[in-house]
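A quick write-up on the structure given underneath.
Given the structure is predicted, the values throughout are model-derived calculations rather than measurements. Values below: all heavy atoms of this structure, side chains included; hydrogens, waters and symmetry mates excluded.
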Amino acid sequence: MQKSHISTYYNPNPVQNSNPNIQKNTSFSQTDVLQKFVVPLSENTEFNFNFQYSVSSNNPRFDNLTEYSGGELKFAEWYYGPQKRLLISPQLKINPDKKLLESGTIVLAYQNIKESRVQRKFTSLDAYYRDESVNVLSLNGDFFVPLTKDETRVFSYGGELTYNKVDSDAIGKTLEVYNNSVVGITDEFTIQSRYPEGGSTYSSAAAYINYRQNINKRSTLNTGIRLTGTQLTAKWIDTTFITLPDMDIRLNNSAVTATVGYIFRPTKNWQISGIISSGFRSPNIDDIGKIREKGGEVTVPNMYLKPEYAYNFETTILKYFNNKTFQTGLNVYYTLLHNYITRDYFELNGSSTIIYDGEEVLTMANVNKENAYIFGGTFSVNGNFNPNWYINGSITYTQGKAYDTKDRLSSIPPLFGSLGTGYQNEWFQVGLKWIFNGKKSIEKYNLVEGIDNIEQTPYNASLDTYYGSPSWHIFNVNANYKLNKNLSFFVNFDNIFDIHYKEFASAISAPGRNFSVSLLLNI
């Protein structure tokens, strides 16, 4: 259990924010160290080494700090403790130019992630500390074999191994307070951990083959097949708050998925493509074993959760102009979800409530439903009117709904897009971009799952309901100038009209009007 993230300040009552345009309790700091080495071992072999490390300060959860219970603010404290992430990843690129292997890449990666969550309610001296440590190990190999010298027929194959280990710990502490300072701990007590406290693992093994062939100058066929197997283990020990039908589980799932794609070029200025594919999502530790509370409802484990399957169809039409310096495109897709996973009300041992962090809350769990769909499309433009003037933009529409329950699917954004234009030459560039989002009304939210932060949208007191996500649009300007071949000057002016808005499902308001200047030096 980490000790360094215990808060030292105590105030039993909420304090009114004197400036509502400032979002208090949202700031944090982070330090990142990134380094990459490239070492040529021979003419046909290259070794890369990637190292990343990041560490943050405490990071408050603004959405939880604005949660109400009984007409009063619920939490005095809700923050992530210092988050730490380490990545070590060596990579080997080989080009043996052999009959069964022309080139390939082998990547080994190790990650260690540490995070914690701290909560304390107003008027309470009881604080709740939950720590997690995740170790992730993976090995990938991708190999490429041209079957003809002109690469009109290409065969590729590869595989992947992953292993994830999650350790979870939790403890409650009763604070000792003098005036407004925490001076010590008077007691410790048992609380529910976020993940199985006996440890949990999730591993996978996959292999694939892919074949691409240029049938003729106008058409290309691309096919692939993948075999995936997964294994999950989880062990719960403490039965103080939750008793499961099986406290030590092992789940195995596997599936074969495939892709068939075809590209047709009837003329040099038209391209039509289509893809049919299948997908497979095996439930992981988050899906099956996570226990978390939000808005008076707590998600509990469901060890009977089954895999989710997806069947996709996608088509794209591209039209080129002016010797392919300008193009328009339309992409349309449809996905059928079978056994789709959604969050719903759930009974554990015949009860629809449990005691969690000192209060009685409703129980929910990830469960399988029958079938659902997602469909949408994107229209885009991109290119140059002439050598100096350019335009780029897109507009995207998405909709998702369950066939069986008729409920809307979560995480479906409203209509959104952007349109930009500008001028550029060898030494100077200036551009204007319009970014917009449409409205998402409350009728299009999934209110049962409750994962899209509807409570962070405007509240309509007369109807006693939330409004949903309002529409918004902003304008940005950017420019850069090359002072010489080694030095460039950049200027960005974002949200020119200082519009107040939130991205869909976000609890934090987006930045207001802001201005930045930077220099790039090439040595």
[X] vs [Y] aromatic rings, parallel, tilted or perpendicular, using cut-offs 30° and 60°?
X: Tyr262; Y: Phe264; answer: parallel
X: Trp434; Y: His473; answer: perpendicular
X: Tyr309; Y: His338; answer: tilted

So, [X] and [Y], do they make that salt bridge, N to O below 4.0 Å?
X: Lys369; Y: Asp407; value: no
X: Arg194; Y: Glu115; value: no
X: Lys290; Y: Glu132; value: no

**Report entry** Evaluation steps, side-chain contact (heavy atoms from CB on, under 4.5 Å), between Tyr481 and Leu483
**Finding:** CA-CA 6 Å; Tyr481 180 71; Leu483 300 175; 3.4 Å; yes

Taking all atoms of both residues into account, what is the closest heavy-atom pair of [X] and [Y], and its distance?
X: Thr220; Y: Asn214; result: OG1-OD1, 2.9 Å
X: Ile276; Y: Phe313; result: CG1-CD1, 3.8 Å
X: Ser471; Y: Lys439; result: CB-N, 3.6 Å

Query raised in the report: Does Gln83 use its side chain to pair, donor to acceptor, with the backbone of Ser56 at less than 3.5 Å?
Result: no

**Report entry** Asn323 side chain to Thr325 side chain, donor-acceptor N/O pair below 3.5 angstrom
**Finding:** no

Query raised in the report: Will you find, in the side chains of Asn135 and Asn112, an N or O donor that is under 3.5 Å from an N or O acceptor?
Result: yes

Requested in this report: Indicate yes or no: at least one non-hydrogen side-chain atom of Leu305 is less than 4.5 angstrom from one of Asn368.
Outcome: yes

Query raised in the report: Considering only heavy atoms from C-beta outward, does the side chain of Arg408 approach that of Lys440 to under 4.5 Å?
Result: no

**Report entry** Ser506 vs Asn453, side-chain contact (heavy atoms from CB on, under 4.5 Å): CA-CA, chis, key distance, verdict
**Finding:** CA-CA 7 Å; Ser506 173; Asn453 280 327; over 6 Å; no

Report summary line: Output for pair (Ile451 CD1, Asn446 CG), nearest 0.5 Å, gives 7.5 Å

Query raised in the report: Would the Tyr157 and Phe143 ring centres measure less than 6.0 Å apart?
Result: yes

